[in-house]
**Student:** 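Take this structure first; my questions come after.
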Number of protein chains: 2
Amino acid sequence: MDEIDRKLIEALSEDARQPLSALGAAVGLSQSAVNERIRRLTDRGAIRRVMADSDPEALGLPVLAFVWLALADGASEAGFRAFAAADPAIIACHHVTGQWSYLLQVRLPSLAGVELFLAALKAGGWLGRSETMLALTEVVAPPFRYRGA
Amino acid sequence: MDEIDRKLIEALSEDARQPLSALGAAVGLSQSAVNERIRRLTDRGAIRRVMADSDPEALGLPVLAFVWLALADGASEAGFRAFAAADPAIIACHHVTGQWSYLLQVRLPSLAGVELFLAALKAGGWLGRSETMLALTEVVAPPFRYRGA
DNA sequence: TGTGAAAGATAGATAGC
DNA sequence: GCTATCTATCTTTCACA
């Protein structure tokens, strides 16, 4: 992972459909050297995948909510993690320091969807305490990976 | 944006390098019909880009911090937004409801980096109040777009 | 919008150096 | 790592449904 690898990943993060020749020109290597580096970066897992970044609004998911969660007493951590991994509305879930145990980032069709989501958390027996904040403007928008309805 | 479009975006979100023939087989359309749909989805902006999702740890950015921020009195909103857009450590920045004005998601090389980041926020005159939480486990990992050192 | 087919352009993969 | 070659894939275009 040298400076050239970093530049390649930066360029591919911007646009992964650039020809190898363009990448080569950008970093000062031949097309095949670039190809070989990308192969190695992918094998090592430094590049995890090449994916489409899509617009959540176009997919009918305009609402982004941040949900702070303290698990219910006695709820299984492993069970909750399986639940989070399975729900396509959950675009990120981190175990965090501080007074809450998890921070969820959720994409939903509407505010009503937020209410349904919280109800599902409660019905699953996961929800101890929680606090929800809604995203207004996206000042720096992270990539969005659509995981299905 | 019908069911087929959604399936295409879901498949491309998983792996954007599949041949059109494979996508066609998955959704029950010909290669040329798939090609045409992807072109339209891209033109409309439903597909924003095709990018590499990389591993922040491999890039020397193992620390993810959530920084809740209330802007300093008199700080310019526009100025702060330009600052956020320019700093590659900031992978997401949302204006949010509730007691804080912004939520920043920041990728950094170390805990010392978090301290430096907060110091830079303060030095820029943006920081009113703030509260930082560190991510421990990534239960559901969002895609990561490397924006450079 | 979609199908099927065919031509041409492009880029990825491979092998020898 | 480079150059050259081979091959898979994409793109474009057509006639037709």
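Here is how names work: the chains are called A, B, and so on, in the same order as the sequence lines, proteins then strands, and each is numbered from 1.
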**Student:** Using a 4.0 Å heavy-atom cut-off, does A/S30 contact any base of the nucleic acid, only the sugar-phosphate backbone, or nothing at all?
**Tutor:**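 If one applies the 4.0 Å heavy-atom cut-off, A/S30 turns out to touch a base.
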
**Student:** Is the closest side-chain heavy-atom distance between A/D53 and B/P143 below 4.5 Å?
**Tutor:**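 No; the side chains remain at least 4.5 Å from each other.
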
**Student:** Between B/W68 and A/W68, does the ring centroid distance fall short of 6.0 Å?
**Tutor:**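 Centroid distance B/W68-A/W68: below 6.0 Å, so yes.
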
**Student:** Is the closest side-chain donor-acceptor distance between A/Q105 and B/Q105 under 3.5 Å?
**Tutor:**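 Their side chains do contain a donor-acceptor pair, which is all the 3.5 Å distance test asks for.
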
**Student:** C/dA11 P sits how many Å from A/Q31 CD, rounded?
**Tutor:**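 So the CD-P distance, A/Q31 to C/dA11, works out to 9 Å.
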
**Student:** Is the shortest heavy-atom distance from the side chain of A/R44 to the side chain of A/D5 under 4.5 Å?
**Tutor:**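 Of all side-chain heavy-atom pairs linking A/D5 with A/R44, at least one is under 4.5 Å.
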
**Student:** With sugar-phosphate meaning primed atoms plus P, OP1 and OP2, does B/R37 contact a base, only sugar-phosphate, or nothing at under 4.0 Å between heavy atoms?
**Tutor:**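 Here B/R37 touches the backbone only, sparing every base.
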
**Student:** C1' atom, C/dG8 versus D/dC16: distance in rounded Å?
**Tutor:**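 Here C/dG8 and D/dC16 have their C1' atoms 22 Å from each other.
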
**Student:** In whole angstrom, what separates B/R39's CZ from D/dT12's C1'?
**Tutor:**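 Those two atoms, CZ and C1', are 12 Å apart.
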
**Student:** Side chain of B/S32 only, heavy atoms from C-beta on: which candidate in C/dG12, C/dG4, D/dC2 is closest?
**Tutor:**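 Per side-chain heavy atoms of B/S32, the pick is C/dG4.
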
**Student:** The side chain of A/A33 is closest to which nucleotide in this list: C/dA11, D/dT9, D/dC2?
**Tutor:**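 Selected nucleotide (nearest to the side chain): D/dC2.
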
**Student:** Under 4.0 Å, heavy atoms only, any strand: does A/E36 hit a base, just the sugar-phosphate, or nothing?
**Tutor:**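 The answer is nothing, as A/E36 stays clear of every strand by at least 4.0 Å.
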
**Student:** Please check the phosphate of C/dT10 (OP1 and OP2 only) for any side-chain N or O of A/R17 closer than 4.0 Å.
**Tutor:**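 Checking A/R17 against C/dT10: no side-chain N or O falls below 4.0 Å of OP1 or OP2.
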
**Student:** Do the two ring centres, one from B/F66 and one from A/F66, sit under 6.0 Å apart?
**Tutor:**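 Distance test on ring centres: not under 6.0 Å, no.
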
**Student:** Heavy atoms only, 4.0 Å cut-off, all strands: where does B/R40 land among base, sugar-phosphate and nothing?
**Tutor:**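 Here B/R40 touches the backbone only, sparing every base.
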
**Student:** Find the distance B/Q18:CD to C/dA11:C1' and express it as a whole number of Å.
**Tutor:**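 For the pair B/Q18 CD and C/dA11 C1', the rounded distance is 18 Å.
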
**Student:** Both A/A16 and B/L29 contact DNA chain C. Taking the nearest nucleotide for each, which residue is further toward the 5' end?
**Tutor:**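 Of the two residues, B/L29 wins.
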
**Student:** Rounded to the Å, how far apart are B/L12 CG and D/dC10 P?
**Tutor:**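 The distance from CG of B/L12 to P of D/dC10 comes to 11 Å, rounded to the nearest Å.
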
**Student:** Tell me whether the side-chain N/O atoms of B/N35 come closer than 4.0 Å to OP1 or OP2 in D/dC10.
**Tutor:**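 Answer no for this pair, as no side-chain N or O of B/N35 is under 4.0 Å from OP1 or OP2.
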
**Student:** Given D/dC10, C/dG12, C/dG2, identify the nucleotide with an atom nearest to the side chain of A/L20.
**Tutor:**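 Nearest to the side chain of A/L20 among the choices is C/dG12.
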
**Student:** Assign A/S21 to base, sugar-phosphate, or nothing according to its heavy-atom contacts below 4.0 angstrom with the strands shown.
**Tutor:**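 Nothing, no nucleic acid heavy atom in range.
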
**Student:** Figure out the CD1/C1' separation between A/I38 and C/dA13, and round it to whole Å.
**Tutor:**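 Distance, rounded to whole Å: 13 Å.
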
